[in-house]
Amino acid sequence: MTTAGHVDASRVVNAMSIDVEDYFHVSVFDGIVPRSDWDRMESRVVRNTERLLEIFDEHEVRSTFFILGWVAERHPSLVKRIAEQKHEVASHGYFHRLVYDQTPRTFREDIRKAKSIIEDAAGTQVLGYRAPSYSITPRSLWALDILLEEGHEYDSSIFPIRHDRYGIPVSERLPYPIVRSAGTLIEVPGSTTRLGPLNLPVAGGGYFRILPYWWTRWGIDRVNRSEGRATIFYLHPWEIDPDQPRLSAGVLGRFRHYRNLDETEARLKQLLNDFRFAPMCEIVKRVPIDASANELQTSLPYLW
Ligand SMILES: [Zn+2]
């Protein structure tokens with residue numbers, strides 16, 4: 001502690017996470033690249049993920065890799081390499097289908113298949129899951145029960161913001177336990193900082209790439225310093241690949257996907273110099289799971 005109510009931000013350890021998927025898996029290209037064409041596309045995910053592994057190695061940072069089952073099935077040696085380098089392997093589902101577009105039955109099949117493929121390739125247990133495009137919303141809260149039943153201990157799919165495709169704006173901003181009949185799942189939301197009535201995303205993906213770097217730096221520092229809490233940073237391998245083939249999409253989709261791809265690697269290195277990071281599991285194990293102490297927090301998603 002430096003002054004009352006503030007902590008030394010350099011002491012807070014944030015979570016680093018990568019969603020391992022190829023550029024054509026991204027939801028914005030759903031309908032443009034059908035799943036039946038995925039095998040015909042030029043694959044760049046191995047090279048891009050290996051580059052991230054090099055960068056993390058240079059900065060002595062360990063991360064969590066939420067791997068798409070479809071990718072793990074085709075590139076088991078990549079999954080093995082991630083695990084061998086002491087990073088955490090976790091699941092991004094198999095087919096990159098939005099949770100709220102699936103039935104409970106297809107969702108169960110999807111996450112079961114992904115978990116099994118990733119665990120076989122890595123030789124370690126998968127405890128965490130992140131939905132494509134943070135698609136656990138008020139319409140798909142049933143997914144939390146299925147995640148628990150299929151052996152997951154934490155989820156990172158509920159973003160406490162307003163967005164056209166995802167988010168539960170009233171949900172908790174900081175990691176919290178969700179008590180369900182099947183057990184207690186730890187939810188680790190995408191990070192935001194509070195500004196007036198709004199939760200503003202500050203740590204990853206398009207927000208990191210499209211907005212100037214000072215935004216991320218200010219936001220993470222604010223959460224670390226004012227709240228003394230970790231942020232959850234996320235990025236995709238394709239975000240450091242400016243040479244990826246260009247696919248057609250709407251104007252907004254193209255802006256979100258292609259903006260500043262050539263700047264992201266340098267920004268990531270700067271970020272790794274500016275803050276401390278560890279895998280998600282390190283943050284998860286510090287979340288108190290005493291349900292009575294978190295009654296309000298655990299009930300919030302169901303009131304929505
Ligand atoms: Zn994804």
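Atoms within a ligand are numbered from 1 in the order they appear, just like the ligands themselves.
For the pair R217 and W215, the NZ or CZ position fails the cation-pi test of under 6.0 Å to the six-membered ring centre and within 45 degrees of the ring normal. Stacking of R139 on the aromatic ring of Y100 is recorded, both the 6.0 Å distance cut-off and the 45° axial limit being met.
Residues D30 and R35 are paired through a salt bridge, judged by an N-O separation under 4.0 Å between the basic side chain and the carboxylate.
Residues satisfying the side-chain hydrogen bond (donor to acceptor under 3.5 Å, both in side chains) criterion with S27, sequence neighbours excluded, are S133. Residues meeting the side-chain hydrogen bond (donor to acceptor under 3.5 Å, both in side chains) test with Y258, sequence neighbours left out: none.
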Quiz: residues 123-130 side-chain donor-acceptor pairs under 3.5 angstrom, not counting sequence neighbours:
| residue | atom | partner | partner atom | Å |
| --- | --- | --- | --- | --- |
| R130 | NE | S156 | O | 3.3 |
| R130 | NE | S156 | OG | 3.3 |
| R130 | NH1 | S17 | OG | 3.0 |
| R130 | NH1 | D19 | OD1 | 2.8 |
| R130 | NH2 | S17 | OG | 3.1 |
| R130 | NH2 | S156 | OG | 3.1 |

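Of all protein N, O or S atoms, those under 2.8 Å from the Zn ion (ligand 1) number 3.
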